[in-house]
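Report on the following structure.
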2 protein chains.
Amino acid sequence: MNPNVDEAMDFINKFHKFKPDKTMVLLIGDCMVDYHGRARSFLDRGERIIMIKQDGTVLVHQPTMREPVNWQPSGSITDFEVNSQHLVMKSRHNRPPEKMKITFHKIISVMICILRDQAKVIISGMETDVVNEISNNPSIIEDGFRICKKEMHVKSGLIDLYGYDRDYIPVVIEVKRSIASISAVQQLRMYVSDVKKDIESASVRGILCAPRIPEMSRDLLYKIILISYSFFVLPKNH
Amino acid sequence: MNPNVDEAMDFINKFHKFKPDKTMVLLIGDCMVDYHGRARSFLDRGERIIMIKQDGTVLVHQPTMREPVNWQPSGSITDFEVNSQHLVMKSRHNRPPEKMKITFHKIISVMICILRDQAKVIISGMETDVVNEISNNPSIIEDGFRICKKEMHVKSGLIDLYGYDRDYIPVVIEVKRSIASISAVQQLRMYVSDVKKDIESASVRGILCAPRIPEMSRDLLYKIILISYSFFVLPKNH
DNA sequence: CCTTGAATATCGGTG
DNA sequence: CACCGATGTTCAAGG
């Protein structure tokens with residue numbers, strides 16, 4: 001705890017420098033951050049946690065907020081040096097070109113560790129799950145509904161689900177996992193219009209599936225004569 | 001380092017439990033993570049870094065990737081308990097409802113600290129900067145172009161820039177800092193359609209400004225008879 | 001509160 | 001490698 005600059009530098013040189021892809025660095029200290037890349041930023045002095053991951057990712061975390069205030073993408077190369085009594089950390093990334101410089105005014109803690117983690121997270125309840133759910137059980141939508149294609153490419157993009165209703169009318173389904181905004185309605189509208197042109201049919205239905213469809217979106221749906229469904233498919237246990 | 005369960009629990013009770021909004025916890029250990037909320041997820045055992053921030057944010061970081069593999073939003077409440085020889089961390093959030101449970105099988109390190117950080121990051125080179133750049137020098141777009149309004153509200157949203165070309169034809173400009181996707185074209189299309197209605201003019205041009213406009217977006221742009229510009233405005237120094 | 005849209009978005013999948 | 005679209009997106013701004 002509270003190492004001086006040379007102690008910190010020695011520690012990093014000993015345990016991290018020659019195997020940056022195997023060791024993580026956790027630095028806590030008073031520092032300032034400069035970033036030049038896709039954008040530019042400056043962060044004045046303050047106490048933060050800096051994490052260098054084994055894939056080269058660098059994160060700078062302030063004491064609040066989910067998002068790092070500054071970061072470097074994975075594949076970045078990070079070097080340390082001592083510059084007029086300060087520990088300086090420089091990180092570079094090639095494509096896209098990004099540089100970040102952290103100047104430490106006080107080092108509260110340096111920690112280096114090797115983490116072994118083979119596990120991959122299993123997530124359920126996302127958009128593909130809902131699409132599959134409907135695909136396996138099309139009557140969720142309505143009786144007599146049949147799926148024809150998943151992820152069908154049309155001019156304006158990718159249709160989530162395409163099928164026919166009990167009267168053989170073509171149906172385009174757009175699935176959203178979160179609130180369906182106006183742009184979702186626009187998206188569906190474009191898809192329906194694309195399909196109409198492609199198959200030269202006057203009647204193509206559009207269905208919007210979402211946990212919630214706000215009034216504004218609903219209004220627009222009705223206005224452009226699409227039938228909408230608002231429903232919530234609970235994420236399944238895995 | 002390598003504290004046992006009771007030592008870790010005592011340490012957390014002593015330094016974090018009664019002032020969670022003032023202290024951060026950094027836990028390193030072998031753990032598994034369950035999450036139930038907007039979606040569901042399970043992460044099997046592995047060594048990770050867990051960070052509890054002063055605003056209640058919780059981050060679970062694997063040794064690679066910029067994104068936390070699991071997290072809780074700010075405002076979450078986190079409690080610790082010992083359950084059949086394991087340190088268990090439970091975090092709750094109200095709106096939206098989210099629960100995360102971390103079960104530790106081995107604790108490599110527990111660290112608690114108070115970070116003082118008042119600084120706010122200053123960023124330049126973002127979309128508003130490009131909008132201002134064009135606003136200050138409209139001839140970037142084309143000769144004789146004049147800006148009329150920034151961030152003009154219309155039915156479907158917010159127009160980045162609104163103006164007239166040399167022939168007094170109204171022009172809507174949509175600025176993107178990254179690749180202009182189909183949805184950007186949709187957005188522009190809506191804005192142009194809104195303006196046409198609002199001012200009852202048959203001819204309104206749309207211009208899409210982006211560092212790159214892919215072929216599919218370009219096709220859609222031409223299809224709906226909008227003139228597009230693809231160019232890159234470098235972020236200024238601040 | 002809600003809705004809208006940007007982001008140094010990040011990330012995975014597909015062609 | 002380009003490109004599309006989801007994300008437990010997060011986050012800030014404005015009505």
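Residue numbers begin at 1 in each chain, while the letters A, B, ... track the order of the sequences. These numbers come from the heavy atoms of this one structure, side chains and all, not from hydrogens, waters or symmetry mates.
Atom CD in Q186(A) sits roughly 15 Å away from atom C1' in dT3(C) (whole-Å rounding). Atom CD1 in I122(B) sits about 17 Å away from atom C1' in dA12(D), given to the nearest Å. Straight-line distance from the CD atom of E215(B) to the P atom of dC4(D): 10 Å, rounded to whole Å. Summarising the geometry, the separation between NZ on K120(B) and P on dA13(D) is reported as 11 Å, rounded to the nearest angstrom. Per the geometry, CG belonging to D219(A) stands 18 Å off P belonging to dC2(C), to the nearest Å. As a whole-Å value, the separation of K150(A) NZ from dG5(D) P is 18 Å. Atom pair D55(B):CG and dT10(D):P shows a separation of 13 Å (rounding to whole Å applied).
Surrounding NZ of K99(B) are at most 12 heavy atoms belonging to other residues, nucleotides or ligands under 6.0 Å away.
Residue contacts shown for I179(B) are absent, as no nucleic acid heavy atom lies under 4.0 Å away.
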**Asked** Would you write out the dot-bracket form of DNA chain C, 5' to 3', with Watson-Crick and G-U pairs under 3.5 Å, [ ] for crossing pairs, | for pairs to other strands and . for unpaired bases?
**Response** |||||||.|||||||
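Here, dT8(C) and dG5(D) have their P atoms 22 Å apart, quoted to the whole Å.
Contacts of S183(A) classified as side-chain contact (heavy atoms from CB on, under 4.5 Å), with partners at least two apart in sequence or in another chain: S181(A). Every side chain to side chain donor-acceptor pair (under 3.5 Å) that T78(A) has, sequence neighbours left out, goes to S91(A). When the side chain to side chain donor-acceptor pair (under 3.5 Å) test is applied to H86(B), no partner is found at least two apart in sequence or on another chain.
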Tell me which donor-acceptor pairs under 3.5 Å the side chains of residues 157-164 of chain A have, and how far apart each pair is, sequence neighbours excluded?
{"residue": "D160(A)", "atom": "OD2", "partner": "V175(A)", "partner atom": "N", "Å": "2.8"}

**Message:** Protein within reach of the bases, or only the backbone? For nucleotides 6-15 of chain C, mark each nucleotide 5' to 3' as B, S or -, using heavy atoms under 4.0 Å.
**Reply:** SSBSSS----
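Contact check, Y191(B) against dG5(C): a side-chain N or O comes under 4.0 Å of OP1 or OP2.
Checking Y191(B) against E174(B) by side-chain atom types alone, no donor-acceptor pair falls below 3.5 Å. A donor-acceptor pair shorter than 3.5 Å cannot be found between the side chains of Q72(B) and Y35(B).
Remark: side-chain polar atoms of H36(B) are not paired, donor with acceptor, to backbone N or O of A39(B) under 3.5 angstrom.
Residues R92(A) and D79(A) are paired through a salt bridge, judged by an N-O separation under 4.0 Å between the basic side chain and the carboxylate.
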